[in-house]
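First comes the structure, then the notes that go with it.
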Amino acid sequence: MQWQQRLVALLIACCPFAEVGASPASASAFMRLVVVTEQGDTLVDEAVPADGRWCIRWQHSVEHFTVLDCYRNVAGVMQLERSHQPDFAAGLGHIFGRGKQVSDGEGGYWINAINEPVANNRYVLRVGSPAVNHRVVWPDGEHASVSLSEHAAGQRVTIQLIAPHASPRE
């Protein structure tokens, strides 16, 4: 019985450390945002710290205004955090129960607190024409923006958040 009590005491003492190093995300505060074309060309490969943010900025193809879809690195998980939409144009709008819609004070609106994890930390985007100008932007300006449309208009790209030493998957 004494060995069982010691085992329980040891387990209790070790519980605070149980998740240390449990995943690549917890092993490093930094992840990498990588955008890769179908041909395997890397368009973006930038470090993203824990709680780091980036957005996909693009021009609406019908209304020609700027839309922002903003993401965050939440403990190694890519999350759609919020979206800015200047109008309720085709394909846009707030879905009840998905974030909170608030005015931007300029006639448009933000959908805040969406906080939806992106499946497998990656998604495929069909890049728009130069007129749409899909681009990766950094709200805090820590990296230069990259026009995906300039390099891959009409193509599929994979946008993914990966561990620092991992290889991107096309």
Side-chain angles (χ1 to χ4, degrees), residues 16 18-19 22-36 43-150 152-153 156-164 166 168-169:
E19 291 193 31
S23 70
S26 64
S28 172
F30 281 86
M31 299 289 282
R32 290 175 26 230
L33 178 68
V34 179
V35 180
V36 179
L43 304 179
V44 175
D45 188 348
E46 297 290 355
V48 181
D51 289 324
R53 292 172 166 84
W54 68 95
C55 301
I56 303 298
R57 178 182 217 134
W58 50 280
Q59 302 304 119
H60 191 276
S61 61
V62 176
E63 298 296 331
H64 307 290
F65 51 59
T66 302
V67 178
L68 282 169
D69 295 315
C70 297
Y71 298 84
R72 190 172 97 186
N73 171 7
V74 179
V77 175
M78 180 192 298
Q79 282 191 1
L80 175 60
E81 181 178 38
R82 63 192 210 145
S83 183
H84 182 262
Q85 303 173 5
D87 196 335
F88 291 100
L92 301 178
H94 177 242
I95 299 169
F96 181 75
R98 184 177 185 242
K100 180 180 178 186
Q101 180 180 318
V102 297
S103 171
D104 69 0
E106 298 177 11
Y109 59 96
W110 281 99
I111 303 171
N112 291 325
I114 298 172
N115 302 332
E116 288 180 0
V118 175
N120 299 315
N121 273 358
R122 62 187 288 198
Y123 67 96
V124 174
L125 171 70
R126 181 156 196 84
V127 178
S129 71
V132 171
N133 196 16
H134 278 109
R135 55 207 179 275
V136 178
V137 298
W138 304 88
D140 295 328
E142 60 269 37
H143 303 292
S145 67
V146 176
S147 173
L148 304 178
S149 294
E150 183 180 314
R156 291 167 34 118
V157 298
T158 301
I159 300 172
Q160 53 196 317
L161 188 64
I162 63 174
R169 297 177 291 174

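Keep in mind that this is a model prediction, so the values were computed, not measured. Keep in mind that the numbers below use all heavy atoms, side chains included, and drop hydrogens, waters and symmetry copies.
Inter-residue side-chain proximity for V74 and E81 is flagged as unmet; no heavy-atom pair is nearer than 4.5 Å. Put simply, the side chain of W138 reaches to within 4.5 Å of the side chain of V48, judged on heavy atoms.
Annotation: the span from D51 atom CG to N73 atom CG amounts to 7.0 Å, rounded to 0.5 Å. One distance of note links CZ of R122 with CD1 of I159; it measures 11.5 Å at 0.5 Å rounding. For the atom pair K100 NZ and I111 CD1, the distance stands at 13.0 Å (nearest 0.5 Å). The distance from the CD1 atom of I56 to the CG atom of L125 is 7.0 Å, given to the nearest 0.5 Å. Separation of atoms CD (E46) and CG (L33) is listed at 8.0 Å; rounding is to 0.5 Å. From R82, atom CZ reaches atom CG of N115 across 11.0 Å, with rounding to the nearest 0.5 Å.
Checked against salt bridge (Lys or Arg N to Asp or Glu O under 4.0 Å), D104 has no partners two or more places apart in sequence or in another chain. Every side chain to side chain donor-acceptor pair (under 3.5 Å) that S83 has, sequence neighbours left out, goes to D69, Q85. The side chain to side chain donor-acceptor pair (under 3.5 Å) search around R126 returns none, not counting sequence neighbours.
In this structure, W58 and H134 have tilted ring planes: the angle between them lies in the 30° to 60° band. Note on ring orientation: taking the six-membered ring where Trp is involved, the planes of W54 and Y71 are parallel (angle under 30°, cut-offs 30° and 60°).
Here the shortest heavy-atom pairing between N121 and G76 reads ND2-O, 2.8 Å. Taking every heavy atom of both residues into account, L68 and C55 meet most closely at CD2-CB, 3.8 Å. What you find for H84 and Y109 is that their closest heavy atoms are CD2-O, 3.4 Å. The two residues L43 and A152 have their closest heavy-atom pair at CD1-CB, 4.0 Å. For the residue pair V77 and L161, the shortest heavy atom distance occurs at C-CD2, 3.9 Å. The minimum heavy-atom distance linking P164 with F30 is given by the pair CG-O, 3.2 Å.
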Using the salt bridge (charged side-chain N to carboxylate O under 4.0 Å, His left out) rule, take R53 and D140 through it: C-alpha gap first, then chi angles, then the decisive distance, then the call. CA-CA 8 Å; R53 292 172 166 84; D140 295 328; over 6 Å; no
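Distance alone, capped at 3.5 Å, places no donor-acceptor pair between the S147 side chain and the N133 backbone. Distance alone, capped at 3.5 Å, places no donor-acceptor pair between the H143 side chain and the D45 backbone. R32 places a side-chain N or O within 3.5 Å of a backbone atom of A166 that can act as its donor or acceptor partner.
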